[in-house]
Amino acid sequence: MKNLTFVLLLCIAACSNDTDEINRITNEAKSPTETINGLQILYSDSGFVKASMKAAVMNRYYNDTPYTELPKGVAMYFFDIGQDTISTLTAKYAIRNEINRTMEARNDVIVKNKKGETLNTEKLVWNEATGKFTSDVFVKITTASEVIMGQGFEANQDFTRYSIKKPKGSIIVNKSDSTAPAF
């Protein structure tokens, strides 16, 4: 009888639920509040479409810091006032912070402008309010005449003006454009 009582007490003790552990597990496995398949969103300002975003899947999470996840990639198209595409951005994954209106694109990020210049990186942030792209990781820009690489980057969203923080690679300087004094 003593053995049976001991076994029952052991089973009861082993089956107790730790509330903190349950909360931790359920918080880790949160499901999206909203899921959309085959998404296209248009961003407009003053009646003009400024950008278009396409994604195969969008998961939206509403919590203390609401965010949108695009787990199967994203394609962004940026337009001028005449609705011509001035630049594109593609990535295999993206996450958008709903509060500060920034989207972080990751994994095989490619930005192209209408001149055919291409940016390749693994992480890029698009700030909707400022209309700027930034990155703090390795970037490579390929133009018709050069390949520029570096660590860190900033550009306007039409990708016509950009700067690389720590550049390296071959950079061609046209002497007629130079303002440096001749020796």
Side-chain angles (χ1 to χ4, degrees), residues 39 41-45 48-61 64-183:
L39 167 78
I41 295 176
L42 300 176
Y43 294 86
S44 64
D45 182 20
F48 296 102
V49 176
K50 300 288 190 175
S52 170
M53 179 177 76
K54 294 181 180 181
V57 176
M58 180 191 83
N59 294 322
R60 189 167 278 163
Y61 297 84
D64 293 340
T65 54
Y67 65 96
T68 299
E69 181 184 40
L70 306 164
K72 295 193 177 193
V74 64
M76 295 281 309
Y77 304 89
F78 298 93
F79 306 110
D80 63 13
I81 198 145
Q83 298 302 291
D84 293 321
T85 302
I86 54 175
S87 63
T88 61
L89 177 153
T90 59
K92 292 184 179 175
Y93 175 87
I95 189 165
R96 181 179 183 270
N97 182 307
E98 301 289 336
I99 294 173
N100 64 17
R101 296 178 45 214
T102 58
M103 181 182 76
E104 183 176 307
R106 298 183 208 153
N107 305 335
D108 197 21
V109 181
I110 301 170
V111 176
K112 292 183 180 183
N113 64 19
K114 65 182 184 179
K115 292 192 296 187
E117 298 171 327
T118 304
L119 165 78
N120 297 89
T121 188
E122 287 301 307
K123 183 177 105 176
L124 183 78
V125 175
W126 172 52
N127 186 315
E128 294 173 36
T130 63
K132 294 202 184 268
F133 295 131
T134 58
S135 182
D136 59 358
V137 300
F138 176 80
V139 297
K140 178 176 97 172
I141 297 175
T142 306
T143 71
S145 60
E146 60 192 7
V147 175
I148 310 165
M149 295 173 275
Q151 192 77 19
F153 163 86
E154 184 175 307
N156 57 346
Q157 73 186 19
D158 63 5
F159 190 47
T160 56
R161 292 184 311 274
Y162 50 82
S163 65
I164 296 178
K165 304 298 180 195
K166 296 178 186 173
K168 57 183 171 184
S170 69
I171 301 172
I172 297 172
V173 178
N174 187 346
K175 288 185 180 184
S176 64
D177 292 341
S178 175
T179 58
F183 292 98

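Basis for what follows: all heavy atoms, side chains included, without hydrogens, waters or symmetry-related copies. Heads up: numbering here begins at 1 and tracks the sequence.
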Fill in: Set of side chain to side chain contact (heavy atoms under 4.5 Å, CB included) partners for Thr65, sequence neighbours left out
Asn63
Worksheet item: Which residues pass the side-chain hydrogen bond (donor to acceptor under 3.5 Å, both in side chains) test with Asp136, sequence neighbours left out?
Response: Lys123
Discussion item. Going by side-chain contact (heavy atoms from CB on, under 4.5 Å), Phe153 matches just one of Ile141, Val137, Val111, Thr134. Which one?
Written reply: Ile141
Practice prompt. State which residues pass side chain to side chain contact (heavy atoms under 4.5 Å, CB included) with Thr88; sequence neighbours excluded, sorted by chain then number.
Written response: Tyr77, Thr85, Lys112
Fill in: For Lys72, all residues meeting salt bridge (Lys or Arg N to Asp or Glu O under 4.0 Å), sequence neighbours excluded
none
Worksheet item: Atom OG1 in Thr121, atom CG in Asn107: separation rounded to 0.5 Å?
Response: 10.5 Å
Practice prompt. Drop me the distance from Lys92's NZ to Leu70's CG, to the nearest 0.5 angstrom.
Written response: 15.5 Å
Worksheet item: Going from CD1 on Ile86 to CG on Asn156, what distance comes out if it is rounded to the nearest 0.5 angstrom?
Response: 8.0 Å
Worksheet item: Taking only residues two or more places apart in sequence, or in another chain, which ones meet Phe138 in a ring-ring contact (aromatic ring centres under 6.0 Å, His included)?
Response: none
Worksheet item: Which residues pass the side-chain hydrogen bond (donor to acceptor under 3.5 Å, both in side chains) test with Arg106, sequence neighbours left out?
Response: Glu104
Discussion item. Counting only heavy atoms not in Tyr43 (residues, nucleotides, ligands), do more than 12 fall under 6.0 Å from its OH?
Written reply: yes
Worksheet item: Considering residues at least two apart in sequence or located in another chain, which fulfil the side-chain hydrogen bond (donor to acceptor under 3.5 Å, both in side chains) criterion with Asn100?
Response: Thr102
Worksheet item: For Glu122, which residues count as a salt bridge (Lys or Arg N to Asp or Glu O under 4.0 Å) partner, sequence neighbours excluded?
Response: none
Practice prompt. Could you tell me the separation between the NZ atom of Lys132 and the CZ atom of Arg161, rounded to the nearest 0.5 Å?
Written response: 7.0 Å
Worksheet item: Is there side-chain contact between Met76 and Lys54, with at least one heavy-atom pair below 4.5 Å?
Response: no
Response to the item:
Those residues at least two apart in sequence (or on a different chain) that pass side chain to side chain contact (heavy atoms under 4.5 Å, CB included) with Gln157 are Phe78, Trp126, Phe133
Worksheet item: Less than 4.5 Å apart, any side-chain heavy atom of Val139 and any of Ile164?
Response: yes
Worksheet, complete the sentence: Residues Ile110 and Asn120: closest non-hydrogen pair is CG1-ND2, 3.6 Å
Worksheet entry | Nearest-0.5 Å distance, NZ of residue Lys50 to CG of residue Asp80 | 9.0 Å
Worksheet item: Of all residues at least two apart in sequence or in a different chain, which pass the side chain to side chain contact (heavy atoms under 4.5 Å, CB included) check with Leu42?
Response: Gln40, Val49, Ser52
Item to complete: For residues Lys114 and Asp84, determine if any side-chain heavy atom of one lies less than 4.5 Å from a side-chain heavy atom of the other.
Response: no
Response to the item:
Looking only at heavy atoms, the pair that brings Gly73 and Ala55 closest together is O-CB, 3.6 Å
Practice prompt. Give the minimum heavy-atom separation between Ile41 and Leu39, together with the two atoms involved.
Written response: CG1-CD1, 3.6 Å
Discussion item. Distance check, rounded to the nearest 0.5 Å: Leu119 atom CG versus Leu89 atom CG?
Written reply: 8.5 Å
Worksheet entry | Set of side-chain hydrogen bond (donor to acceptor under 3.5 Å, both in side chains) partners for Tyr93, sequence neighbours left out | Glu69
Practice prompt. Using ring-ring contact (aromatic ring centres under 6.0 Å, His included) as the criterion, list what pairs up with Phe159, not counting sequence neighbours.
Written response: Tyr162
